[in-house]
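Notes follow the structure.
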Amino acid sequence: MLAQQLLNGLLLGATYALFALGFTLMFGVLRVVNLTYGFYFTAGAFIALWLTQFGLSLWLALPAAAIASGGIAVAVDWLLLTRLRRAKADELTSLMVTLGAVLALYAAMTAWLGPDIRRLPPGVIAGGALEAFGLRVSTAQLLILLACVLLAGGLLWLMRATRLGLAIRAMAERPDTAALMGIATGQLAALVSFISGALAGAGGVLIGLNFNAIHPYMGESMMLRGFVVIVVGGLGDIFGALAAGLLLGVVEVLTAGYLASGLKEAVAFALLVAVLWTRPSGLFGVAQGRKA
Amino acid sequence: MSTLAVCGLTVAYGRTEAVRGVDFSIADGQIVCLIGANGAGKTTVLRTLSGQLRPRAGRIVLDGADIAGLAAHRIVARGMVQVPEGRQVFAALTVADNLELGAWLCRDSAERARRREAALARFPRLRERLRQPAGSLSGGEQQMLAIGRALMAAPRLLLLDEPSMGLAPLVVEEIFAILASLRRDGITILLIEQNASAALEIADTAYVIETGRIALSGPATEVARNPAVVAAYLGG
């Protein structure tokens with residue numbers, strides 16, 4: 001029972017981690033608190049829903065939705081934030097601009113599509129559950145696991161093992177100096193936006209699949225979790241986001257399993273407060289590093 | 001033959017003109033220094049040359065082409081590379097990664113390795129610290145890294161903004177000896193300095209900038225003897 005709960009928690013947490021990876025990348029590299037990030041999550045889920053309703057396999061709908069969400073992220077970032085970045089506006093400005101934009105986007109989407117919860121077509125994922133060592137893993141969960149491992153691994157490889165990743169890390173620390181190296185920072189920022197949006201979109205598809213529930217505001221509750229994960233993990237820290245995402249998933253599932261499912265968010269946010277209370281140095285250490 | 005010719009350069013922050021109608025030129029293989037007090041507009045000139053600021057008026061002609069207003073990364077591709085004020089190394093990245101970034105535009109890994117060997121031969125202390133984060137280096141070592149990083153781009157024209165800033169006199173001597181060796185290797189240099197005596201000693205031509213205008217120019221030895229310069233900048 002406990003092992004099964006831990007497994008479910010890790011799978012849920014893997015999705016949180018994926019979502020938070022894109023968020024922390026956007027925050028750490030582009031230096032904006034971009035609240036429209038939650039919208040890319042909703043967009044990814046809806047795009048995959050429509051594609052599967054047209055009969056496309058989920059294995060294809062997932063990457064297609066991720067790529068489309070990445071494209072939306074590039075467009076939104078360009079429309080909203082290019083001017084702010086040029087003017088070197090502070091983080092509060094980007095926070096307010098993107099808060100307004102995301103509320104408008106959610107409301108417009110609800111007006112267009114209605115607030116109802118939609119479900120993926122039955123049998124969207126073929127195949128039954130696997131059972132081994134008394135643990136049960138559905139095909140949907142396998143897809144989630146596979147997608148999270150591939151995407152998180154791919155991001156880590158990109159950031160740590162390629163010249164492009166080196167340029168992204170340089171731009172995160174000193175964008176102006178990075179341009180003096182000959183790096184086309186505008187294009188690189190668009191690429192980072194795309195990767196972030198694609199990760200959010202993939203997260204939306206996977207969470208939609210995990211709970212089989214898709215609705216316009218699903219990105220909003222996810223954003224709160226995204227904040228918990230990136231703050232607990234350390235702003236801009238990829239490994240931190242991975243660890244904190246998995247932890248949050250396990251904590252939520254265990255709370256729902258052993259206490260009450262209504263308490264899982266209370267516990268998740270209490271965790272945020274507790275971590276910041278006991279380990280504020282981790283958070284501030286990263287914040288100072290970025291400004292040094 | 002002048003590598004770089006700047007003509008009527010005017011740069012403004014909002015309504016304030018920080019640089020007003022500046023003209024100067026740099027001949028191939030020279031060290032040219034631009035000296036002046038804090039806030040005279042030296043750094044503004046340099047940041048405009050390297051594409052970090054857009055000029056309001058004027059031309060910046062590099063090898064016959066007007067590059068005024070080009071983006072910074074395109075100017076690097078034309079062989080003019082800036083060593084920025086305050087060194088601006090990527091503190092969280094290793095020394096090796098900082099050097100690698102300097103050669104971002106070079107697609108050939110064998111060529112990058114060759115340039116790195118040349119940079120490390122010039123700055124042997126960096127070789128011992130290749131795997132250390134650049135932020136852990138001393139100020140002098142960071143300045144060497146900033147110059148080494150710029151050399152990784154194989155520049156023909158190097159722009160240096162206050163390379164002596166905050167460094168001990170012995171280290172300043174070391175850095176200026178390196179600049180002289182760079183000129184011997186055929187790199188043209190524009191040097192911006194508050195340390196006027198060190199700059200005038202090594203330069204061929206000097207320009208003095210005061211409140212955004214060129215107040216005086218000529219061969220460095222003559223500028224160094226000018227009574228007004230001696231009084232204002234050389235502590236005479």
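So that the names make sense, note that chain A is the first sequence line, chain B the second, and so on, each numbered from 1. Quick caveat, the model's predicted, so the values are computed rather than measured.
The number of heavy atoms from other shown groups lying within 6.0 Å of CZ (A/F239) does not exceed 12.
Using a 4.5 Å heavy-atom threshold, the side chains of A/D176 and B/Q52 count as touching. The shortest distance between side-chain heavy atoms of A/T177 and B/R149 falls below 4.5 Å. Under the 4.5 Å side-chain criterion, counting only non-hydrogen atoms from C-beta, A/M181 is in contact with B/F90.
Residue B/R112 touches chain A through its side chain alone, counting heavy-atom pairs closer than 4.5 Å. For B/V89, the part lying near chain A is the backbone, with the side chain staying farther off; criterion is any non-hydrogen pair under 4.5 Å.
Looking at B/Q88, its side chain never comes within 3.5 Å of a backbone N or O of A/R174 through a donor-acceptor pair. Not one N or O on the side chain of A/R169 forms a donor-acceptor pair closer than 3.5 Å with the backbone of B/L93. The closest donor-acceptor contact from the side chain of B/E100 to the backbone of A/R163 lies at 3.5 Å or more, if one exists at all.
Closest approach of A/A179 and B/V76 over heavy atoms only: O-CG2, 4.0 Å. Counting all heavy atoms, side chain and backbone alike, B/L105 lies closest to A/G182 at CD2-O, 3.4 Å. What you find for B/L101 and A/A167 is that their closest heavy atoms are CD2-CA, 3.9 Å. Across all non-hydrogen atoms, the minimal contact from A/I183 to B/H73 is O-CB, 3.4 Å.
With respect to chain A, the highest number of heavy-atom pairs below 4.5 Å among B/A77, B/A92, B/G51, B/A71 belongs to B/A92.
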